[in-house]
Each structure stands twice: as C-alpha cells, then as structure tokens.
There are 2 protein chains.
Amino acid sequence: MKRKRREVKNGEKNTFTISELAKEFEISTRTIRYYEELGLLSPQRSAGNQRIFTRKDRARLKLILRGKRLGFSLSEIKEMIEMYDVAGESEQIKLTLKYGEKKLREIEEKIKELEMLKEDLLAIKEILIERLRELEGSNP
Amino acid sequence: MKRKRREVKNGEKNTFTISELAKEFEISTRTIRYYEELGLLSPQRSAGNQRIFTRKDRARLKLILRGKRLGFSLSEIKEMIEMYDVAGESEQIKLTLKYGEKKLREIEEKIKELEMLKEDLLAIKEILIERLRELEGSNP
DNA sequence: TAAAAAGATTACGTTTACGTTAACGTTATA
DNA sequence: TATAACGTTAACGTAAACGTAATCTTTTTA
C-alpha cells in the first residue's frame, strides 16, 4: 500500500515535493529549481536538505507559469510577485503602487491586443469557410 | 530640401525601406532581416537588391510584433500568418480551420488569464493603499 | 536493511531571438 | 561626382530559459 509521504490534514495536502509539483504543472524539476535560483520561489528545506513546498509556494508557481504564458519575462514576473511582500516605508509602497499601475495598464493593453488578434483570426476563419463551401459545393 | 525616396500617392506612403520600418516600430533592422530569414516576411527587392516593403508587409510586421508581445513564439506566429495564404485543396483548408479554432481557444484562455492576473494586481493595490493610509495617518 | 527511486548540486549544452562587427555594394545629396 | 548615409550578406557573440549528464545524498520500499 502506498503511504502518504507527509502530513495530510482532512484530505487537504499541505506540502509538496518538487516532483509532485513538476508533475502537476507539467514542467521539469529543473525548471522549478531554476525559478528558485532566480529568487522566484523560496521553499523550505527538510532535515535532509530536500525542498518542501507549501500551498503558498504552489500558488506562486502557478502565478509564475501564468505570467509566462502571458508573455512576461521571469524578471518581470519576479517584480510582480515581489509586490506581495512589500513592507516598510511609505516611499517604497508608493513606488510599488506606481509599478502596479503600470503593469495594470500593460495588462489592459494586452487584453485589447488579444481581442484584435481574435478578430483577425475570426475573419480568416470566415474566409476559409467560404472558400471551403465553394470547393465542396462544386465537388460533392 | 529632403526629397521623398519613393513614389507617394496623394499623401499615402506605399513602400518603405527597412530602416523606416525599424524606426516606426522601434526595432532593429537586424530583427526585420531575421524575420525574413524565418520566412515571416518576404519583401520584394529593388534593382540594387535592397528590400522594398509594401503596406501589406508592414501590416504583417505589425502582426508579428503583436504576437510577440502576447507571448507567442516566432514559429507560432509564422503558423498563424500562414493561415492568410492557405489555398488549394479542401483538406488543407480544413486542417487550417482546425488550427485556427485551436488558436482561438488559446486566445480566449489568455484573455481569461489576463483578467485573473488583473484581479490579483487590483487586490494587491487595495492592500497597499490601505497600508499606506495607516502609515500616512500615523505619520502626517 | 539493501536496492531502487527521488532529490541535490554542479557544470556544461541547447534553443530562441536577436546583437555586433566586418567587409563590401547602393543611394542620396552637397 | 564624391562622399556620407544606408543597405547587403556572413559570421560570430549573447542573454534568457531551460535541458542533460554526472556524481553524490536522502528517502522509499521490497
């Protein structure tokens, strides 16, 4: 019988190994280690020096991968993630707010561009469907 | 007086040099040549072998750059662009349609993910504004 | 408890998307 | 018409984001 590796409270898994996350998100363990190398993740370590990922780490990884799919670089993603931990003086917070607003504008822009691209593809689709109708019509 | 290099009909420029496009889109000429190398662009050539870009080439370049900003790879962008020129048998057109629909779903997905990211950033923003209010309130 | 599986670190390799430089041909303009 | 400005190809270089392999340590499991 397969034994659960770590503590599980009422059916909710609370920690994960590197390969569990790798499998879940369909990425390599190397990729996860690389993200840690860049400071995007900071999992705790077990007594034997193995990485232990919490649910929070997992959520972060999810965010990282989302950022990637959306065309942000890992350093941009790092900056965005760091917004979660800003603490300290008012000046720092103001700067972070400015940055966040800039990113929000970028996101709006990307949404608009995606919608334009979508329109383009829909137009092509119509043309292709029409072309197909002609072909199939004359050659049933 | 600066003379226009090529024919201009009623104020509408119809052809462009590589550096004109590079300047307009704030990219390098190398980048444009690279896109041609990959088959994403196919400008005509002048008698002296210099590239001549039409408005159509320019529109393509715009599409390429949009794709890039949205996180598509150059080979994905190439596939999408090639949808414009599909001709021939019904089978080929059907395949292209399938591909187009896949891409459309991807685009929808990206839009959703951008909305989620946007929500995340808005939430962080609220937290930061609150934190700032506390700080400034106690230290006017 | 010993073998197998999983994890860690290190380091070199690879792909994508260009940057940079050289060496030479073409065009524009003073 | 000379010469600056621009364009061409070729080739080597580079940063980002991992892939891969080797070697060793830790965990799991038969």
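Proteins get letters first, then strands, A, B, ... in listed order; numbering begins at 1 in each. Keep in mind the model is a prediction, meaning the values are calculated, not measured. Values reported hereafter were calculated over all heavy atoms of this structure, with side chains retained and with hydrogens, waters and symmetry mates removed.
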Rounded to whole Å, the CZ-P distance (A/R45 to D/dT25) equals 16 Å
Within residues 22-42 of chain B, those residues having any heavy atom closer than 4.0 Å to DNA chain C are B/S28, B/R30, B/T31, B/Y34, B/Y35
Of the listed C/dA17, D/dA17, C/dT9, the closest approach to the A/L74 side chain comes from D/dA17
Output yes when at least one side-chain N/O atom of B/R51 is less than 4.0 Å from OP1 or OP2 of D/dT8, else no. yes
Does NZ or CZ of B/K103 lie under 6.0 Å from the centre of the six-membered ring of B/F72, at an angle within 45° of the ring axis? no
B/K68 side chain N/O closer than 4.0 Å to the phosphate oxygens (OP1, OP2) of C/dT16? no
- Message: Looking at C/dT16, I'd like to know if its phosphate oxygens (OP1 or OP2) sit under 4.0 Å from a side-chain N or O belonging to B/S75.
- Response: no
Do side-chain atoms of A/D120 reach the backbone of A/L117 as a donor and acceptor pair under 3.5 angstrom?
no
Whole-Å distance, B/F53 CZ to D/dT8 C1', equals 12 Å
note: B/L65, atom CG; C/dA17, atom P; distance rounded to Å ~ 13 Å
- request: State whether the number of non-hydrogen atoms from other residues, nucleotides or ligands found under 6.0 Å of B/E82 atom CD is greater than 12.
  value: yes
B/L21 atom CG is separated from D/dC6 atom P, nearest whole Å, by 15 Å
To the nearest angstrom, the CG-P distance between B/L61 and C/dC18 comes to 11 Å
Judged by nearest nucleotide, the residue sitting upstream toward the 5' end of DNA chain C, A/I18 or B/G48, is A/I18
note: B/Q50, atom CD; D/dC6, atom P; distance rounded to Å ~ 12 Å
A/R69 atom CZ is separated from D/dA17 atom C1', nearest whole Å, by 16 Å
Handout entry: Any donor-acceptor pair under 3.5 Å from A/S19 side chain to A/A22 backbone
Key = no
Taken to the nearest whole Å, CD/B/E20 to C1'/C/dT27 is 13 Å
With a sphere of 6.0 Å drawn around NZ of B/K94, does it hold more than 12 non-hydrogen atoms of other residues, nucleotides or ligands? yes
Notebook entry, point to check: Does B/I129 belong to the same Ile/Leu/Val/Met/Phe/Trp/Tyr cluster as B/L135, with side-chain heavy atoms less than 4.5 Å apart forming each link?
Noted result: yes
Please tell me whether A/R33 and A/T29 have a donor and an acceptor in their side chains that are separated by less than 3.5 angstrom. yes
If you compare every side-chain N and O of A/S46 against the phosphate oxygens of D/dT27 (OP1, OP2), does one of them come in below 4.0 Å? yes
